[in-house]
Amino acid sequence: MPLARFVVPLLLAGCLCSAQGTHTPAVRHTPPTSTASVTLATAPLLAPDACRGAFVTHRLDFTTGIRLREIGTYISNGSGVAANDLDNDGDIDLAFASVDGEGRILWNEGNLRFTSASLDDRFARGVAIVDVDADGWNDIVFTHRGLAGVSYWRNLGADDSQASSADHRPIFELSSLPGVDHYAYAMAWGDVDGDGDLDLVTGTYGAELKQHGIDPPEEDPKVGIVLYLQDEGVWTAQVLDRHAEALSVAILDLTGDGQSEIWVGNDFALDDKIWKYNANGWQRIFLFTQTSYNTMTTDWGDLTNDGKLTLFTTDMNPYDISPRTLAMWVPVINQLVPHHRADDVQIMANVLLERDSQGRWQNQATARGVDASGWSWDARFGDLDQDGYLDLYIVNGMIATDLFGHLHNSELVEENQAYRNRGDGSFDSAPQWQLGSTASGRGMIMADMDNDGDLDIVVNNLRGFAHVHENQLCSGASLQVDLAWSGSQNINAIGAQLALHTDKGVLRRDVRASGGYLSGDPVRVHFGFPAEARLDRLEIEWPDGEVSLVDAPLRNSLLKVTR
Amino acid sequence: MTHQTLATPQLLDIQTAFPLLRLLNPKQHTRFVLASLAVGLIVSYLAVAMGWLPLWGATALTLIVLLPAGMLKWRDDHRRYGATIMGLSILVTAQGLHTVEHLVQWTQYHLFYLTMRQSNGLLSPANAEWVHFVWNWLVLIAVVALMFGGMRGVWMWLLFVVALFHTVEHSYTFIRYQMILRELTAMDVLNVTAQGLPGIVGRDGWLARSEWTRGTWICTIPGLTTAVRLDVHFWWNAIEMAFLAVAGHFYLRKRFNDVA
């Protein structure tokens, strides 16, 4: 049911605006240059239907990988899922990529009911829902396996003259992104050059290209890490690197200077890489003292509410060391012989990076209890229990006849891993949340799918139904924020930094439309906090550096901030 | 003239100052030892080059060829100094060779940048778990025997503790090795090795991955819970060898002084 039905929008005038000289340096160092006027609309969130103190798993009408007689590498890598409001009804809809069939939109009808509609886009890997053309309707973009690039499904909007809700849905048209012509496996959207419009970074996956006869991949002109800078709807490609095994691409400010860098997580022995723009153009920089060897995903957040950024990547490392588990892994471990070289900073484990007192990024994954989570794919930080601290969820599993032929159905069955943030940035395993699904998860997003304020989790499982894990923890309270930057080419303000000042601390989030493993995050930002927390103000730093302040935002509400 | 007169006594003094060197000196068996070593190395080289033996087989062959010379030498030690010192002589020699094995592994990994699985030394490819399990029990038994034979003291007790824990570590890895093999057999996986997995200490070992320690400071104790297995055992063996050498040094100095 559309959220608008429950909403009596409160149009609050205007805007409070003052520059904040003490804004946290670790998230964005550049002091805001000016202030931005905004209008506010607040809608209350729904009360939860049920409170079981755990997550409840529901099957979604989407499968991928079941049409294949057998799954080998790299079909085994599966596909992603994206979340955002596609029909502007206030509910977050879903778009699934399929590795063996066509994609699918799940229209959110409310109360975790979805209507399924197929989308004739086949053999896709990554997916993001992003308003590419800034027309106020979110579009869908896919990347693909094999020798294919990006496909762009332009949202033409809804036909308001139609009466039924099904007819009222937007129409999508396969369109082109002029200048975007390389193969693409992973992607990220963001305003990389700070000119106000959305740019695109894509990466290819060399191992799979070899299966398609592109060998060596780096000699093919359509291969590599490619930055597409947009200028009025036309993209200009710049190849950053011909060598790519990219499973995850991220755009964020790693150096704390207010400029975005490009961070690519590569599979196998190929290093994860970072590019930074300087006077000589985009140059590779070296920041990390340790990285995952087979980097599957990238994520980041402020785990301790002190303004310090923490980065996280996943790899393959058994989550328990029982003989039974190791016996399942050993035949594969023996094949996964890592290269070893003098300056190698890679380690076959999850890596959680934080800056030390000298500013060097150091791996704290073992100390924080998240170094080994299984054969891990996507991982996301999110405040699942709404205690004010970002928790962590990691999806696991592997299916591959050529790797796990010794196991039933060639499948390494593993439980997904949920970790609760203790509040100091270290984690406890949280089996009580009942998120240990053994479906073979790949892409994953966190979003409030039922508008009850807390984060639910949607997973695109390989060779099985997709799942939505409904959050019924019923703890804490929340504030969700939609940003709208009217007149801008970055209409959802992707890259904006938000800081919610409470008496329990300052909670920081950023607006994203893509992320993790082949998936697309919702642009709606979720803040969780203890129920008794006092909300002092919300500070929004827009992608252009301007700042807006919202005093005393209402708890348990969806706040739409329009600039 | 003065220098010449002092030179010879200085060389002699080395063996006086370091009685272990005096014990390990093959003396009249030097030629036999060297000849055995030469024959062993040549035959082993040919065997490997011709593909008759794997490297571990050739290493074992060299040790077997050296064994008669060693037996003669140790028989002389027994006649000269008694059973305990002969035992010490055998243990120091054997542990020294074991140290070479770990040194080769360390060199392969850290200097030649071979992978962990490739850095398995000279003898361990035979079966690292069996080799080290048997070896460490033999070392522990030998240490206990030497202590019963009168070789005691702080350094010997330290050696005993280290050897005991080293043996526990290898017993743990050996038992888990057998359990994993059983699991693999149940899965009809018969051609896969499960050697070289972490033990109690080191990265991904029991101490680092136990439910009780995960996410605590214990998981990041440098070396103890962070080092790879190859490094853990290199240093474990090095410490064991150092304690053995120091314990042997003090014991022999006293015994040789008593004899003098």
Side-chain angles (χ1 to χ4, degrees), chain A residues 269 290 293 316-344 347-350 352 362-373 392 404-408 410 412 417 419-422 424-431, chain B residues 108-120 129 172-200 202-222 224-228 230:
Chain A
Q290 201 154 53
Y293 188 87
M316 302 172 294
N317 199 1
Y319 54 65
D320 77 66
I321 56 171
S322 67
R324 176 173 286 273
T325 299
L326 291 183
M328 291 192 291
W329 277 74
V330 156
V332 179
I333 288 174
N334 289 348
Q335 292 181 49
L336 299 172
V337 178
H339 292 248
H340 183 209
R341 59 172 200 266
D343 57 347
D344 201 351
I347 177 176
M348 200 177 287
N350 299 339
L352 187 136
Q362 304 282 5
N363 181 18
Q364 301 292 329
T366 306
R368 306 293 177 84
V370 292
D371 59 321
S373 55
L392 178 63
F404 288 101
H406 57 287
L407 299 180
H408 180 63
S410 304
L412 175 69
Q417 300 291 305
Y419 298 96
R420 180 178 179 275
N421 189 338
R422 294 171 184 161
D424 60 357
S426 61
F427 294 89
D428 287 321
S429 183
Chain B
Q108 288 172 323
Y109 186 71
H110 289 290
L111 299 184
F112 295 151
Y113 299 109
L114 301 185
T115 65
M116 188 66 68
R117 205 153 290 110
Q118 293 165 332
S119 304
N120 47 17
E129 301 303 337
Y172 173 83
T173 57
F174 184 77
I175 291 167
R176 283 173 56 82
Y177 167 65
Q178 296 297 338
M179 293 169 77
I180 293 168
L181 282 186
R182 196 177 308 157
E183 294 284 351
L184 287 168
T185 304
M187 289 189 284
D188 278 338
V189 179
L190 306 175
N191 57 346
V192 168
T193 179
Q195 300 168 43
L197 296 171
I200 296 173
R203 183 195 300 170
D204 289 327
W206 175 83
L207 194 57
R209 296 288 297 276
S210 152
E211 289 296 321
W212 301 289
T213 61
R214 246 185 127 173
T216 68
W217 59 273
I218 295 171
C219 300
T220 53
I221 300 171
L224 192 65
T225 51
T226 62
V228 296
L230 183 147

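Heavy-atom basis, side chains included; hydrogens, waters and symmetry copies ignored.
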### Which atoms of B:Arg182 approach chain A - backbone, side chain, both or neither, heavy atom under 4.5 Å
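Neither the backbone nor the side chain of B:Arg182 comes within 4.5 Å of chain A.
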
### Query
Considering only heavy atoms, which portion of B:Phe112 lies under 4.5 Å from any heavy atom of chain A: side chain, backbone, both, or neither?
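Nothing of B:Phe112, per the 4.5 Å heavy-atom cut-off to chain A.
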
### Task
Please work out which of the three classes, parallel, tilted or perpendicular, describes the rings of A:His340 and B:Tyr109, given edges at 30° and 60°.
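The arrangement is parallel - the two ring planes meet at less than 30°.
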
Between [options], who has the most heavy-atom pairs with chain B when the cutoff is under 4.5 Å?
options                                : result
A:Leu407, A:Asp344, A:Asp371           : A:Asp371
A:Ile321, A:Val330, A:Leu326           : A:Ile321
A:Met328, A:Arg368, A:Arg341           : A:Arg341
A:Gly369, A:Ala367, A:Ala365, A:Gly405 : A:Ala367
A:Pro318, A:Ser426, A:Ala349, A:Ser429 : A:Pro318

### Query
Checking B:Thr213 side chain against B:Leu207 main chain: does a donor-acceptor pair fall under 3.5 Å?
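Yes.
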
### Task
Return yes if some donor-acceptor pair links the side-chain N/O of B:Gln108 with the main-chain N/O of B:Tyr113 below 3.5 Å, else return no.
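No, because the side chain of B:Gln108 does not come within donor-acceptor range (under 3.5 Å) of the backbone of B:Tyr113.
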
In Å and rounded to the nearest 0.5 Å, what is the [atom1] to [atom2] distance from [X] to [Y]?
X        : Y        : atom1 : atom2 : value
A:Asp320 : B:Arg209 : CG    : CZ    : 7.5 Å
B:Ile180 : B:Ile175 : CD1   : CD1   : 12.0 Å
B:Gln195 : B:Asn120 : CD    : CG    : 8.5 Å

### Task
Pick whichever of B:Asp188, B:Thr225, B:Asp204 has the most heavy-atom pairs under 4.5 Å with chain A.
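Counting heavy-atom pairs under 4.5 Å, the top option is B:Asp204.
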
### Query
Under a 4.5 Å heavy-atom cutoff, which of B:Asn191, B:Val189, B:Leu181, B:Thr193 has the most pairs with chain A?
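Greatest number of close heavy-atom pairs with chain A: B:Thr193.
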
### Query
For A:Leu352, is it the side chain, the backbone, both or neither that has a heavy atom under 4.5 Å from a heavy atom of chain B?
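No part of it gets close to chain B.
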
### Message
Do B:Thr185 and B:Leu190 make a side-chain contact, defined as non-hydrogen atoms from C-beta onward lying under 4.5 Å apart?
### Response
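Side chain of B:Thr185 against side chain of B:Leu190, heavy atoms only: contact under 4.5 Å found.
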
